[in-house]
Novice: 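Below you will find the structure I want to go over with you.
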Amino acid sequence: MWSSKNVISRLYGDYRHLSNARLFKNALYVFIIFKCTNWVINFDLLFGENAMSLLHAQSIPFYREPAFILLKSDTSIVSALSIVCAALISMIQVVSRRSVILADLILYGLVININNKTYTHLTAGDPLLANLFFLSVFLRKSNTGTNEETPWLSILLHNTSYAALVLQICIVYAYSALAKWADADWQHGAAIDSVNRAIHYSRPLIATYADNISIIAMVLNYLILAYQTLFPVLVFLKPIKRYFLILGMCIHLYIAFVMGIFSFGIIMVITYFLFLDMPGSPAKRSE
């Protein structure tokens, strides 16, 4: 008998890229644990009475503006509980063989609220992290625990979620490339050299010898332009994918550890787990 469920199941096939999904989701959980540690260390600065973000305490029903509960809260206890809950959920999820959708949704809500509470402290990586979390809610780490009678919906959601994440990263690179091509410094090859000279986005040694490496900076300028422009195409070419991703990881590790934009650099490295050619084939579902 050909039912609508069987048709969708056959069209969508089996769970795709389960190894990539497991590595990607676990990396996200570990990064959230790191973020929670950072939030605790800088708690007074970010959530205390004299926090760096302007607060507007207001009593509102949580269901009306659920993403701004912490921002409009006049107590730091709620923020502390949110951080503890985010850390505990992440720890449980990272050691679990399968991810729980409800736990991921709660974790997404906590991250969104903490981001909005500390909005003056955010970099581009923080909203990207939240967006990746939202898109990965239905991403599975394994095919265990699937309802054998109706696996098609789980397969559909997993594969759609994975495709959406890949598309999101391609869009990030496409828009970044467009912005750079519209900028005069990037067009003339001076952007990286300017960054090297800015002590807040460089290192003292690099800033000191910026004149001596200006040619290298120009080459890197156009290399990054080419990389981001061609990413949505070249990342899918298997013969060069490994080397292409290694180059990208080096770029983002430089952004994280030299330029000091840590969250964005590390999160972009995490997204590369989606594109790796992991060993093994997708797990077979039960027929």
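Every heavy atom of this structure was used, including side-chain atoms; hydrogens, water molecules and symmetry mates were not. The model shown is predicted, which means the values in this text are computed figures rather than measured ones.
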Novice: What residue pairs, at least two apart or across chains, pass side chain to side chain donor-acceptor pair (under 3.5 Å) with a residue in residues 85-96?
Specialist: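 Qualifying pairs, neighbours excluded: Tyr29-Gln93, Gln93-Asp104.
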Novice: With Lys141, which residues qualify under salt bridge (charged side-chain N to carboxylate O under 4.0 Å, His left out), at least two apart?
Specialist: none
Novice: Taking the six-membered ring for Trp, are Phe34 and Phe262 parallel (under 30°), tilted (30 to 60°) or perpendicular (over 60°)?
Specialist: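 If you compare the ring of Phe34 with that of Phe262, the planes turn out tilted.
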Novice: When you look at CD1 of Ile77, are more than 12 heavy atoms from neighbouring residues, nucleotides or ligands closer to it than 6.0 Å?
Specialist: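 Open: at most 12 neighbouring heavy atoms sit under 6.0 Å from CD1 of Ile77.
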Novice: Tell me whether Leu81 is reachable from Leu105 by hopping between hydrophobic residues (I, L, V, M, F, W, Y) whose side-chain heavy atoms are closer than 4.5 Å.
Specialist: no
Novice: For residues Val84 and Ile112: do they belong to one hydrophobic cluster (side chain heavy atoms under 4.5 Å, members Ile, Leu, Val, Met, Phe, Trp, Tyr)?
Specialist: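 No; Ile112 is not reachable from Val84 via cluster members.
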Novice: Counting only heavy atoms not in Tyr222 (residues, nucleotides, ligands), do more than 12 fall under 6.0 Å from its OH?
Specialist: yes
Novice: Using the test side-chain hydrogen bond (donor to acceptor under 3.5 Å, both in side chains), find all partners of Gln168 that sit at least two apart in sequence or belong to another chain.
Specialist: Asn131
Novice: Is Ile240 reachable from Phe231 through a run of I, L, V, M, F, W or Y residues, each pair having side-chain heavy atoms under 4.5 Å apart?
Specialist: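 Cluster IDs for Phe231 and Ile240 match.
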Novice: Test Ile213 against every option in Asp193, Ile192, Ile206 by the side chain to side chain contact (heavy atoms under 4.5 Å, CB included) rule and name the one that passes.
Specialist: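 Exactly one option meets the side chain to side chain contact (heavy atoms under 4.5 Å, CB included) with Ile213, and it is Ile206.
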Novice: Do Leu128 and Met249 belong to the same hydrophobic cluster, where Ile, Leu, Val, Met, Phe, Trp and Tyr are linked whenever their side-chain heavy atoms lie under 4.5 Å apart, directly or via other members?
Specialist: yes
Novice: Fit a plane to each ring of Tyr108 and Phe134, take the angle between them on a 0 to 90° scale, and name the class: parallel (under 30°), tilted (30 to 60°) or perpendicular (over 60°).
Specialist: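 Answer is tilted, since the angle falls between 30° and 60°.
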Novice: Restricting to non-hydrogen atoms, name the atom on Leu28 and the atom on Ser136 that form the minimum distance, rounded to 0.1 Å.
Specialist: CD1-OG, 3.9 Å
Novice: What residues, two or more places apart in sequence or in another chain, satisfy side-chain hydrogen bond (donor to acceptor under 3.5 Å, both in side chains) together with Asn212?
Specialist: none
Novice: Minimum heavy-atom separation for Val94 and Asn26, please, with both atom names.
Specialist: O-OD1, 3.5 Å
Novice: Pairs in or reaching into residues 227-245: which pass side chain to side chain donor-acceptor pair (under 3.5 Å), with residues at least two apart or in two chains?
Specialist: Ser176-Gln228, Lys180-Gln228, Trp181-Thr229, Tyr227-Tyr272, Lys241-Asp277
Novice: Pick from Leu45, Leu71, Leu46, Asn113: which one makes a side chain to side chain contact (heavy atoms under 4.5 Å, CB included) with Thr118?
Specialist: Leu46
Novice: Which residues pass the side-chain hydrogen bond (donor to acceptor under 3.5 Å, both in side chains) test with Ser79, not counting sequence neighbours?
Specialist: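 Scan of Ser79 (side-chain hydrogen bond (donor to acceptor under 3.5 Å, both in side chains), adjacent residues dropped) gives none.
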Novice: If you take the centroid of each ring, where Trp contributes its six-membered ring, are Phe273 and Phe24 closer together than 6.0 Å?
Specialist: no
Novice: Is Tyr173 atom OH crowded by more than 12 heavy atoms from other residues, nucleotides or ligands, each under 6.0 Å away?
Specialist: yes
